Amino acid sequence: MQAPRGTKDIIPEDIIFWQHIYKIANEILSLHNYKEIRTPLLEYTELFQRTIGHYTDIVNKEMYSFTDQGDRNITLRPEGTASIARAFISNKLYVAQKISRLWYFGPMFRYERPQKGRQRQFHQLGIECLGSCKPIADVEVIRLAINILQELQCKEYTLEINSIGNIEERNCYQEKLIEYLIKYKQDLDKDSQQRLNTNPLRILDSKNIKTQEILNKAPKLQQFLNLESLNHFNEICKHLTYLQIPYKINEKLVRGLDYYNYTAFEIKSISSKNNDTICGGGRYDQLIQQLGGPTTPSVGWAIGVERLLIIVKEKILTENNNNTIYIIIQSKENYHEIWDIIKIIEKYKIKFELDLSNSTLSKQIKKAYQLNIKICFIIGEEEIKNKKITIKWLKNHTQQQIHLFNLTKYLQYIKEYF
Ligand code: ATP
Ligand code: MG
């Protein structure tokens with residue numbers, strides 16, 4: 001049997017990369033007082049319809065939705081922000097403090113055509129800074145994405161940033177954009193023609209060359225921004241310049257979700273051609289209020305972990321030294337004394353593996369060689385009887401016996417050797 005289309009197993013050989021990314025994220029984000037949050041993989045479908053928006057690609061065609069036995073409309077979460085906004089309200093996280101800094105790491109689900117860097121179950125690492133309308137919050141959040149990428153030795157990327165203003169400004173602009181584009185309707189690509197009625201701003205994002213040509217002369221969103229929006233954006237740019245974080249202003253960057261306002265940004269990899277967006281984020285000042293919570297201006301991003309791994313996998317140095325004690329037991333009965341030895345090894349926090357094969361001594365030693373083991377503990381009938389352990393060093397083929405009462409001293413030595 002195959003795993004469902006667009007899903008992948010993360011096998012033990014690869015899990016080290018995932019654990020590494022989790023560890024780096026945890027270290028950097030904890031340092032900045034971001035706290036991890038884990039929300040359910042299932043939410044009511046309505047949550048995503050109300051937040052991401054009815055006319056977005058995600059809600060329109062990418063959601064894994066079903067009705068459960070209780071006739072409830074359920075969706076496997078396609079992204080993290082809506083769930084976090086919901087959890088923030090459900091758990092009244094706003095009561096304890098004014099600002100909540102949260103991060104998450106977990107699977108997301110979108111029904112898309114699978115290809116490199118695009119899966120149906122994929123993973124996002126994301127952060128949300130809830131409760132501040134200040135541009136410096138946007139900068140904190142963007143800087144953390146950059147910090148994480150740098151710590152993972154990822155250098156080949158560009159940060160693109162834009163301001164999409166507030167809802168009134170966008171509505172004004174939208175009207176003018178439609179007015180302009182309608183004249184060229186026949187020349188637009190099919191998707192864009194449709195979006196003219198549903199989600200006109202997304203036309204800016206079209207990859208179609210003809211559409212892009214038409215857009216060159218279209219009114220610009222920036223012309224519709226008021227002073228407040230412009231100031232917010234300029235402030236962010238100034239901070240980024242001060243921090244020497246290179247960025248490119250992309251006036252056509254609008255992002256595919258309805259809840260954003262003011263800041264929108266993406267981090268794109270330079271090295272890969274397709275699916276090059278590693279990180280997407282922005283500000284969402286109305287989302288929480290819109291879901292019934294208190295006014296909570298917020299900003300956040302999500303990194304696609306599979307896409308990140310395409311770039312950084314080779315750069316993650318993995319420890320390949322097998323510092324494991326291989327325990328070989330050899331007797332007709334399994335003596336209880338083996339647990340006493342294991343307990344002592346555990347106390348010293350040395351990794352070990354008990355051979356469970358029931359095969360001969362020489363076969364077990366051969367297995368240890370295959371596993372690239374350095375040290376075997378052999379505990380046979382003789383050893384149990386004499387309260388001893390035979391210790392075999394596989395690299396230099398030496399062997400010695402020690403008394404059980406010397407075990408702790410010996411383990412100390414092994415620990416230092418490892
Ligand atoms: P794209 O334009 O590539 O479809 P998106 O705008 O739909 O991306 P977001 O919703 O902003 O993506 O999600 C943030 C990040 O999550 C993306 O930049 C990407 O790295 C990752 N991502 C999104 N969809 C997928 C997917 N189906 N498979 C793997 N990663 C994904
Ligand atoms: Mg998408």
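Both counts, for ligands and for their atoms, begin at 1 and track the order of listing. The structure displayed is predicted, hence computed values, not measured ones.
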Check each atom of ligand 1 against the heavy atoms of [X] and keep those under 4.0 Å away; list them by number with element.
{"X": "Arg255", "value": "6 (O), 11 (O)"}
{"X": "Ile278", "value": "18 (O), 20 (O)"}
{"X": "Ala302", "value": "14 (C), 15 (C)"}
{"X": "Gly117", "value": "28 (N), 29 (C), 30 (N)"}
{"X": "Thr277", "value": "17 (C), 18 (O), 19 (C), 20 (O)"}

Q) N/O to N/O below 3.5 Å, does that happen between Glu266 and ligand 1? A) no

Q: Please check if the side chain of Asn261 supplies one atom and the backbone of Asp285 the other of a donor-acceptor pair under 3.5 Å.
A: yes

Q) How far does CG of Leu125 sit from CD1 of Ile24, to the nearest 0.5 angstrom? A) 11.5 Å

Q: Measure up the Tyr22 and Trp103 rings against each other and bin them: parallel (under 30°), tilted (30 to 60°), perpendicular (over 60°).
A: tilted

Q) Which part of Arg118 is near ligand 1, with near meaning a heavy atom under 4.0 Å away: side chain, backbone, both or neither? A) both

Q) Honestly, is Arg120 close enough over Tyr111, meaning NZ or CZ under 6.0 Å from the six-membered ring centre and within 45° of the axis? A) yes

Q) Glu306: heavy atom below 4.0 Å from ligand 1, yes or no? A) no

Q) Is Gln124 in contact with ligand 1, taking contact as a heavy-atom separation below 4.0 Å? A) yes

(Q) Side chains of Asp57 and Arg202, heavy atoms from C-beta outward: is any pair under 4.5 Å? (A) yes

Q: Taking only Lys NZ, Arg NE, NH1 and NH2, and the carboxylate oxygens of Asp or Glu, determine whether Lys220 and Glu251 approach each other closer than 4.0 Å.
A: no

**Q.** Donor + acceptor pair across side chains of Lys252, Gln212 (<3.5 Å)
**A.** yes

Q) Nearest non-hydrogen atom to atom 9 (P) of ligand 1 belongs to which of Gln119, Arg307, Arg120, Arg110? A) Arg110

